[in-house]
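All heavy atoms count here, side chains included; hydrogens, waters and symmetry mates do not.
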Amino acid sequence: MTPEEVRLRVAAIDEIADLVEQAHMREDRLYFDVMAAIASGAENPAELARAALATRQLSLDRYYSPPTD
């Protein structure tokens, strides 16, 4: 997994931000995949995490759990 692949997935989530449930499911899957890559010894863990956390800047409705950052 590369930071660019993560950025593409973040962009894809942004494209469907109005489909709240689907967008959140994809965000959760992205976070899982990034953590799995890091646990498997990814050479760039900080870059992967930073790229994935960009979803927190998207305009996703978060009425169940608002961001705390």
Side-chain angles (χ1 to χ4, degrees):
M1 175 174 279
T2 67
E4 182 57 27
E5 290 171 328
V6 174
R7 283 189 281 278
L8 289 172
R9 287 177 64 179
V10 170
I13 294 167
D14 192 26
E15 289 289 320
I16 63 163
D18 58 325
L19 303 171
V20 177
E21 184 177 346
Q22 188 70 357
H24 283 288
M25 287 177 11
R26 285 193 189 184
E27 181 183 44
D28 290 346
R29 187 71 209 171
L30 173 62
Y31 288 170
F32 177 87
D33 291 345
V34 167
M35 287 189 292
I38 291 169
S40 294
E43 294 180 17
N44 50 358
E47 288 180 78
L48 293 177
R50 203 171 8 264
L53 288 172
T55 63
R56 305 306 280 174
Q57 304 305 315
L58 300 179
S59 294
L60 296 178
D61 285 334
R62 298 186 186 275
Y63 46 84
Y64 290 113
S65 87
T68 58
D69 41 290

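Partners of M35 according to the side-chain contact (heavy atoms from CB on, under 4.5 Å) rule, which considers only residues two or more places apart in sequence or in another chain, do not exist here. A search for side-chain contact (heavy atoms from CB on, under 4.5 Å) contacts involving E5 returns M1, T2, not counting sequence neighbours. Partners of R50 under the salt bridge (Lys or Arg N to Asp or Glu O under 4.0 Å) rule, at least two apart in sequence or in another chain, do not exist in this structure. The side chain to side chain donor-acceptor pair (under 3.5 Å) test applied to R9 returns D33, not counting sequence neighbours. Every residue meeting the salt bridge (Lys or Arg N to Asp or Glu O under 4.0 Å) condition with E4, not counting sequence neighbours, appears here in chain and number order: R7. By the salt bridge (Lys or Arg N to Asp or Glu O under 4.0 Å) test, D14 is found to be paired with no residue, residues two or more places apart in sequence or in another chain being considered.
Across all their heavy atoms, A23 and I13 have their closest contact at O-CG2, 3.9 Å. Considering every non-hydrogen atom in both V34 and A52, the closest pair reads CG2-CB, 3.9 Å. Of all heavy-atom pairs spanning L48 and A37, the tightest one is CD1-CB, 4.2 Å. Closest of all the heavy-atom pairs between V10 and A51 is CG2-O, 3.6 Å.
No side-chain heavy atom of R26 sits less than 4.5 Å from a side-chain heavy atom of E15.
The CG atom of D18 sits 8.0 Å away from the CD1 atom of I16 when rounded to the nearest 0.5 Å. Considering OH of Y31 and OG1 of T55, their distance stands at 2.5 Å, rounded to 0.5 Å.
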### Query
Hey, mind stepping through R29 and H24 against side-chain contact (heavy atoms from CB on, under 4.5 Å) and telling me if it holds?
CA-CA 8 Å; R29 187 71 209 171; H24 283 288; over 6 Å; no
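Taking a 4.5 Å side-chain heavy-atom cut-off between Ile, Leu, Val, Met, Phe, Trp and Tyr, the cluster of M25 contains only that residue.
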